[in-house]
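Reading through the structure tokens given below for one structure.
Chain naming here is simple, since letters A, B, ... match the order of the sequence lines and numbering starts at 1 in each. What you see is a predicted model, and the numbers here were worked out from it, not measured in a lab.
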2 protein chains.
Amino acid sequence: MFAPRCPSREVFAELVDKWSMLILMTLSSCGPQRFSELQRAVGGVSRKMLTQSLRNLERSGLVRRTVFPETPPRVVYDLLPLGRELAELVEPLGRWTERRAEQMMAAREEFDAAHAEG
Amino acid sequence: MFAPRCPSREVFAELVDKWSMLILMTLSSCGPQRFSELQRAVGGVSRKMLTQSLRNLERSGLVRRTVFPETPPRVVYDLLPLGRELAELVEPLGRWTERRAEQMMAAREEFDAAHAEG
DNA sequence: CTGTATCCTGTAAGATACTG
DNA sequence: CAGTATCTTACAGGATACAG
């Protein structure tokens, strides 16, 4: 993964993505979700980015897309086993970030203040 | 973290970055490293990106930068407790990616093949 | 509702050259 | 050695309009 041209680097670089991670966390904690539910849950994501990230996750075998041929159409996304595995590693990361966010913001202010002089 | 304007979202978006994660993993598994050692370890990273990522990590209180005033200068980076915490969450993610990379690549080929018709 | 297609802009990031 | 500064370009990603 530390080699530029390695497949694992490629995969890693795409998974380590803000939207993908938030989507995985949402599907993991909220269960199967429709497109619009996901868009509401993942604040600030555009339809374009949501579609794109979901396609990536689907393509890599992490997420399943199910279309119910109704009118209006209903599309539900849920985690495949592979996605569940990843989600369980990502969730601690999310919880840690929320727990430590304030501390990091404080560190930044301190850093910025210390480097403002001069 | 699911709210667009929340500090934790901001912090999260910056930590969830290819280079930052690879740097954290390197420092965690290899111990304190000089700038050039890091650049060699994290394949494909430019000086610019390495500097920028390290600054971010330093600014947020995850990494410590130590300058030894010699000639030629020597600069060593190592993890602070906060960085060590994060690194321990990121490492499983890295190991998982390497373990599953092939499987995901296969899933992609299958997906692409299935969507090529038409 | 769940997308796709198009346009448009800012910015991420490589290449290169320079500095203490 | 360990950066900084500058330039340039590709692409990420928002806005908008349209479609099944």
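Of the possible donor and acceptor atoms, none in the side chain of B:Ser8 sits under 3.5 Å from a partner among the backbone N and O of A:Glu98. At least one donor-acceptor pair closer than 3.5 Å links the side chain of A:Gln33 to the backbone N or O of A:Cys30. Judged by distance alone, the side chain of B:Arg47 and the main-chain N or O of B:Gln39 form no donor-acceptor pair under 3.5 Å.
Applying the salt bridge (charged side-chain N to carboxylate O under 4.0 Å, His left out) test to A:Arg108 and every residue at least two apart in sequence or in another chain returns B:Glu14. In this structure, the salt bridge (charged side-chain N to carboxylate O under 4.0 Å, His left out) partners of B:Glu85, at least two apart in sequence or on a different chain, are A:Arg100.
The two residues A:Pro4 and B:Gly44 make their nearest non-hydrogen contact at CG-N, 3.6 Å. For the residue pair B:Val16 and A:Asp17, the shortest heavy atom distance occurs at CG1-N, 3.8 Å.
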I'd like a list of close polar pairs between nucleotides 1-3 of chain C and the protein, N/O only, cut-off under 3.5 Å.
residue	atom	partner	partner atom	Å
C:dC1	O3'	A:Arg34	NH2	2.9
C:dT2	OP1	A:Arg34	NE	3.1
C:dT2	OP1	A:Arg34	NH2	3.2
C:dT2	OP2	A:Ser36	N	3.0
C:dT2	OP2	A:Ser36	OG	2.7
C:dG3	OP1	A:Arg65	NE	3.1
C:dG3	OP1	A:Arg65	NH2	2.5
C:dG3	OP2	A:Tyr77	OH	2.7
C:dG3	O6	A:Arg47	NH1	2.8

Restricting to nitrogen or oxygen on both sides, can you table the protein-nucleotides 5-11 of chain C pairs closer than 3.5 Å?
none

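End-to-end axis angle for the helix from C:dC1-D:dG20 to C:dG20-D:dC1, using five pairs per end and rounding to 10°, comes out at 50°.
The other members of the hydrophobic cluster of B:Val76, by chain and number, are B:Phe68 (side-chain heavy atoms under 4.5 Å, ILVMFWY only).
We find the CE-CG distance between A:Met21 and A:Leu89 to be 9.5 Å, quoted to the nearest 0.5 Å.
Within the structure, every side-chain polar atom (N or O) of A:Ser46 is placed at least 4.0 Å from both OP1 and OP2 of D:dG13.
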